[in-house]
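This one's a predicted model, so the numbers in the text were calculated from it and none came from an experiment. Just so it is clear, the values below take in all heavy atoms, side chains as well, and ignore hydrogens, waters and symmetry mates.
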Amino acid sequence: MAAINNNQTTPPTNIFFLSSYFRSLSKTPQRLRKRVLATWTPEQELNQMRLRSGADMKRKLTWFDLIALGVGGMLGVGVFVTTGPVARDKSGPAVLVSYVIAGISALFSSLCYTEFSIKIPVAGGAFSYLRVTFGEFVGYFAGANILMEYVLSNAAIARSFTEYLCTTFGQEDPNAWRVEVDGLMEGYNMLDFPAVALIFLLTLSLCRSTKESSMLNTVMTIFHVVFFGFIIIAGICYGNTENLIQPKSLAPYGVKGIIDGAAIVYFSYIGYDSVSTMAEEIQNPSKSLPLGIIGSVLIVSVLYCLMALSLCLMVPYNKISSSASFSVAFQHIGWKWASNIVGAGASLGIVASLLVAMLGQARYLCVIGRARLVPSWFAKVHPTTGTPQNATIFLGFCQASIALFTELSIVLEMISIGTLLVFYLVANALIYHRYAIKTNNLPIYTLIFLLLLSSASIGFSISWNLSHQPRWGLVLFGVCMMAITATFQYLMSSGSVQDRENHEWQVPFMPWPAALSIFLNVFLMATLRKLSYERFGVWACLITLFYLLYGVHSTYQAEEIEMEMEGDGGGMREHCPNSNGEQSKVDIQVL
């Protein structure tokens, strides 16, 4: 009746809404106690949660599509955005080693993602894995951070696209196609309209069809890999090995510089978790996901290392350009014609990586909307295209706004810390899920192990950064980590026999891969600058405030009221009005 007399009741409805909202705020402590640690089962994530999107996403992707998406998503990001600045200012020619370290860490993290994505093949990625394991707030916190990483990294990629496009058409100034505006703060005064146009076009493509977007990515990725081969062969054949040790040495900034560089180039691997968000659109998740996630990480790691080596062979590290590094490198060896080709190929690779990243970010927001932690409008899947159009359009607008104003260097400072934190949490979640949830082991033992492992990792990282202190701390904390992990493996059962009987793929040699992932992510986080932590702290406060003011109340009304309905009606099936007793789609609208 309220909908029929909508025009007559608008003022009272608004007053009622505010009154109801303030009453909800007064109940925040009670609702926090109920919701912060509230978990869902994998079955609920797979079935009940998906109903809230209205339509299902269409299962059209194969394992080959996943590898192409993973490779396309990662290639172009690290090599063309971070390699030049890291080689010049952090690692020197040893940037190759930085990529090896970051790749090993990414491989361990990808193993954790793979096992979770098979057990919970939904579009939520890390958000869903952590919500099922550690509860609502941890899942929300990780999801909000990974969304920030996506938006910022996509903005950085789009601005880098403009720089390489300039070199494609013979412009030596990377800001040639940007518009400088007097009166704006430095770092925000170079407006990048080509980057905005690229984001707009890709947003339209992603709203239309996932499969067609995947086919477009596959074509671009094939050309891109061929183009990578050209750069690698040219650099190795026509480069100078003297550049690896001149003007100072292979590692002019020392081992610390190599590690600091690894923390920054880790940003290059953010694309592989996009593959896990495709789980609802894969034809055979149990087979395709391990091949797609792990295969793409291994392929990209090899190509990254060869590309970094090629760059450092062509140009001494202190002469590498911080923008459009590879195009300028070819100019340095006298191949100006190749510089234009490199600009075109890099632009193509950046488009492919941006396409995949935008594909993944929308699915994260869609599943967070299903959980009602953000407005349910973001969870809607278009019934015809099978894509989360609302989430895609909204995030496209956000990253276009950042790409228009913000310089690349400012954006890069904020990216790696959130990615490392989420990967750290996923590794912890895998150990807890394997050794506490799936077995009869007391959870407290697993929690103590995770606390001790993280503490030892932090101790090792602090000892590493205190260069003026004796190195005995490194040995002490390193031995502690190995002893703690070995003792835990000996004493605790993981329940893996039952899963192998069900033919489920699992991470081998547990808990070592997940423990190493925890250590490496903590270690790399400890190398980041203070400014990164300050900006991360501001973002953490903002998303926590949003959870307190909106998220916890929205999920309380959606989940708790639904549970009351089940209790009052003797189960959801009996409560639903369907005459045949089948479960209907329930979408509770939250005030």
Side-chain angles (χ1 to χ4, degrees), residues 14 17-40 49 52-53 123-132 134-155 277 360-380 388 390-402 406 411 414-415 417-419 421-422 425 532-561 588-591:
N14 291 338
F17 172 85
L18 291 174
S19 176
S20 176
Y21 177 70
F22 284 119
R23 283 201 304 271
S24 296
L25 286 181
S26 67
K27 300 176 182 178
T28 299
Q30 299 93 316
R31 293 183 174 184
L32 282 173
R33 284 196 295 269
K34 289 187 176 182
R35 296 305 312 165
V36 166
L37 299 177
T39 61
W40 281 56
M49 283 288 290
R52 294 179 173 179
S53 286
F127 165 74
S128 295
Y129 311 152
L130 292 170
R131 199 167 81 107
V132 164
F134 289 139
E136 180 176 280
F137 180 74
V138 175
Y140 161 78
F141 190 80
N145 273 287
I146 206 72
L147 275 178
M148 180 192 72
E149 303 300 303
Y150 269 119
V151 171
L152 291 177
S153 64
N154 291 346
T277 67
Q361 69 178 11
R363 279 135 189 88
Y364 267 112
L365 185 57
C366 173
V367 176
I368 295 173
R370 289 176 183 172
R372 299 299 186 262
L373 287 161
V374 295
S376 59
W377 180 80
F378 293 115
K380 298 304 178 185
N390 296 345
T392 302
I393 293 170
F394 173 77
L395 290 173
F397 173 79
C398 291
Q399 63 201 27
S401 302
I402 296 173
T406 312
V411 175
M414 299 179 63
I415 292 175
I417 186 169
T419 306
L421 176 64
V422 172
L425 290 173
S532 298
Y533 284 93
E534 292 173 349
R535 290 171 174 168
F536 173 76
V538 172
W539 174 248
C541 291
L542 289 175
I543 60 178
T544 301
L545 184 63
F546 181 84
Y547 179 76
L548 294 174
L549 296 179
Y550 178 85
V552 68
H553 306 290
S554 178
T555 57
Y556 176 85
Q557 294 187 37
E559 312 294 351
E560 300 297 330
I561 292 175
I588 299 174
Q589 298 298 322
V590 183
L591 290 176

Distance, nearest 0.5 Å, that separates [atom1] of [X] from [atom2] of [Y]:
X	Y	atom1	atom2	answer
Arg35	Ser554	CZ	OG	10.0 Å
Trp539	Met148	CH2	CE	6.5 Å
Arg33	Arg31	CZ	CZ	12.5 Å
Leu545	Tyr550	CG	OH	14.5 Å
Arg131	Leu373	CZ	CG	7.0 Å
Glu136	Leu32	CD	CG	9.5 Å

For [X] and [Y], which heavy atoms make the closest approach, and how far apart are they?
X	Y	result
Thr555	Ala371	CG2-O, 3.0 Å
Val374	Phe546	CG1-CE2, 4.1 Å
Asn154	Gln399	ND2-OE1, 3.1 Å
Leu425	Leu130	O-CD2, 3.4 Å
Ala142	Val422	O-CG2, 3.6 Å

Without swapping roles, check the side chain of Tyr140 against the backbone of Thr544 for a donor-acceptor pair under 3.5 Å.
no
Does Tyr364 use its side chain to pair, donor to acceptor, with the backbone of Ala126 at less than 3.5 Å?
yes
Which residues satisfy the side chain to side chain donor-acceptor pair (under 3.5 Å) test with Thr28, sequence neighbours excluded?
His553
Would you call the rings of Phe536 and Phe141 parallel, tilted or perpendicular, taking 30° and 60° as the class edges?
perpendicular
Taking only residues two or more places apart in sequence or in another chain, which ones pass side-chain contact (heavy atoms from CB on, under 4.5 Å) with Ile393?
Thr203, Cys207
Listed by chain and number, what are the side-chain contact (heavy atoms from CB on, under 4.5 Å) partners of Ala362, not counting sequence neighbours?
Pro388, Ala391, Thr392
[X]: partners by ring pair (Phe, Tyr, Trp, His ring centres under 6.0 Å), with sequence neighbours left out:
X	result
Tyr533	none
Phe397	none
Phe134	Tyr432

With a 6.0 Å cut-off on ring centres, are Phe394 and Phe378 close enough?
yes
